[in-house]
Amino acid sequence: MRKAPDPFTFADVFRVIRKNLLISLLLAGAGGAGAYVVAEGIPDRYAATAQLISDAGRSGLITTNNEGPDETGDATATSTMVETIGTSAVLNHALAEMSPEGFALLAQSAKIDPVPADLAGMDDETRQALLRALSQSLTVNNSGRSFVINLSYLSESPLLSADAANAVAEGYLRYRMELRNAVYAKMLANLQQQIADLTSGLKAAEQTAQTMREKVRLLAQRNDVWVEGRQDQAIAENAELYASQREAEREVAATAVVYERLLLEHRQIQSRMGEPEIAVQLFSPAVVPTRPSGFNVKPILLMLGITAGLLAGLSIGLIRERIQRHRKARREGALA
């Protein structure tokens with residue numbers, strides 16, 4: 001019958017390690033060195049976060065006319081803002097809001113060389129590459145029913161992270177202002193056309209009313225010299241002219257009311273175009289981070305490399321021990 005293999009205990013393991021200590025240390029050092037090289041090849045990434053208040057009135061941050069926050073409002077508008085901030089329309093404005101240093105770092109991360117000097121003269125391919133680089137590292141979220149929107153940017157450069165997060169926030173505010181002003185501009189153009197038409201109509205109505213007044217006055221002067229047979233006819237004509245005069249005056253008054261209302265609305269819209277945004281505010285701008293974000297895996301990689309080296313040394317020692325035992329058993333069998 002075949003002889004059973006000798007049992008292998010933990011004492012044998014420590015003995016193998018002691019006998020092959022040099023090899024184990026060399027392999028542990030090599031594993032640690034390899035892990036160090038790999039860890040150094042992993043770049044540090046920095047995250048910076050800018051915060052927006054999506055509805056300053058409802059959140060209670062800003063109140064007007066001594067009114068408190070709207071407790072009945074929901075966060076649907078906030079969710080819509082979260083979805084629209086990452087669109088190309090907003091990110092195009094964000095590119096214009098970036099500092100020259102941040103823009104150069106963004107172009108470097110997008111592997112664009114040379115760095116574009118002017119946004120207006122940039123070709124579409126370069127612009128799309130910049131927008132992709134900006135969008136891929138941007139995270140926009142909102143927790144629960146809160147009105148706070150977090151704009152986080154993650155990159156290898158702390159300066160780029162802070163600059164890009166603030167640029168996206170400012171770009172979104174600029175985009176909202178341009179949308180609002182575009183709507184106001186259309187309203188102003190429409191009001192200007194209505195005001196021009198009403199000006200002509202009011203002038204014509206004033207002329208008609210004044211004409212009726214003069215006719216009534218002249219007819220009243222002629223009544224004094226008319227013969228008795230024509231007085232009834234003159235009275236009827238005078239009454240008809242007076243009715244027309246009153247109708248023309250009412251037309252003037254009604255047109256004047258509409259005209260003044262349109263003028264007031266026109267001036268109100270003009271004043272709103274210069275007003276700052278109060279519904280959405282930059283609550284907390286991003287600051288340049290001083291420490292890498294996320295979990296630091298470099299110490300773990302180093303420990304894994306050293307452990308792998310030790311295990312490799314132990315494995316070699318065990319294999320050598322097994323080979324030596326096998327050879328010894330063969331020699332003993334041959335002598336027997």
Side-chain angles (χ1 to χ4, degrees), residues 42-56 61-62 78 80-142 147-182 273-294 296:
I42 300 176
D44 292 329
R45 298 178 70 83
Y46 299 83
T49 301
Q51 292 181 319
L52 293 173
I53 293 292
S54 65
D55 197 325
L61 180 68
I62 295 176
T78 303
T80 303
M81 292 176 188
V82 170
E83 295 177 359
T84 57
I85 286 177
T87 60
S88 59
V90 175
L91 296 183
N92 270 306
H93 286 75
L95 291 178
E97 296 293 331
M98 295 188 71
S99 66
E101 296 82 4
F103 185 78
L105 290 171
L106 179 64
Q108 182 180 354
S109 66
K111 295 180 174 55
I112 297 176
D113 190 27
V115 178
D118 186 13
L119 286 175
M122 187 188 308
D123 59 274
D124 291 339
E125 184 177 355
T126 302
R127 181 180 293 274
Q128 290 301 321
L130 290 172
L131 292 178
R132 283 194 301 272
L134 191 60
S135 175
Q136 289 172 356
S137 301
L138 177 67
T139 302
V140 184
N141 57 52
N142 164 253
F147 293 99
V148 177
I149 299 176
N150 299 310
L151 291 81
S152 300
Y153 196 86
L154 184 67
S155 73
E156 299 176 10
S157 169
L159 176 61
L160 174 59
S161 297
D163 191 76
N166 289 328
V168 173
E170 294 291 348
Y172 178 69
L173 296 177
R174 178 66 62 86
Y175 178 66
R176 282 178 59 92
M177 182 177 294
E178 288 187 2
L179 282 180
R180 183 186 64 178
N181 289 344
M273 293 183 71
E275 291 178 354
E277 178 74 64
I278 62 173
V280 181
Q281 291 287 317
L282 178 59
F283 176 67
S284 175
V287 296
V288 178
T290 57
R291 294 181 179 180
S293 64
N296 188 8

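This is a predicted model, so every value here is computed, not measured.
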Check whether more than 12 heavy atoms from other residues, nucleotides or ligands sit under 6.0 Å from atom CD of Gln108, and answer yes or no.
no
Which heavy atom in Val140 sits nearest to a heavy atom in Ile85, and how many Å separate them?
CG2-CG2, 3.9 Å
Determine whether more than 12 heavy atoms belonging to other residues, nucleotides or ligands lie under 6.0 Å from atom CG of Asp123.
yes
Between Thr84 and Tyr172, does the side-chain contact (heavy atoms from CB on, under 4.5 Å) criterion hold? Intermediate values first, please.
CA-CA 9 Å; Thr84 57; Tyr172 178 69; 4.0 Å; yes
So Leu91 and Val168, do their side chains get closer than 4.5 Å, heavy atoms only?
yes
Test: salt bridge (charged side-chain N to carboxylate O under 4.0 Å, His left out). Region: residues 95-109. Which pairs qualify, not counting sequence neighbours?
Glu97-Arg174
Provide the full list of salt bridge (charged side-chain N to carboxylate O under 4.0 Å, His left out) pairs with a residue in residues 147-172, sequence neighbours left out, each pair given once.
none
Just by modelled atom types, is the Tyr46 backbone N or O under 3.5 Å from a matching donor or acceptor in the Ser161 side chain?
yes
What's the shortest heavy-atom distance between Ile112 and Pro116, and which atoms?
CG2-CD, 4.1 Å
Side chains of residues 130-139: which donor-acceptor pairs under 3.5 Å do they make with residues two or more places apart or in other chains?
residue: Ser137; atom: OG; partner: Leu154; partner atom: O; Å: 3.3

Closest heavy-atom pair, Ala48 versus Ala286, reported as atoms and distance to 0.1 Å, is CB-CB, 4.0 Å
List the steps and the verdict of side-chain contact (heavy atoms from CB on, under 4.5 Å) for Asn142 and Asn150.
CA-CA 6 Å; Asn142 164 253; Asn150 299 310; over 6 Å; no
Over all atoms of both residues, closest heavy-atom pair of Leu151 and Ala165:
O-CB, 3.8 Å
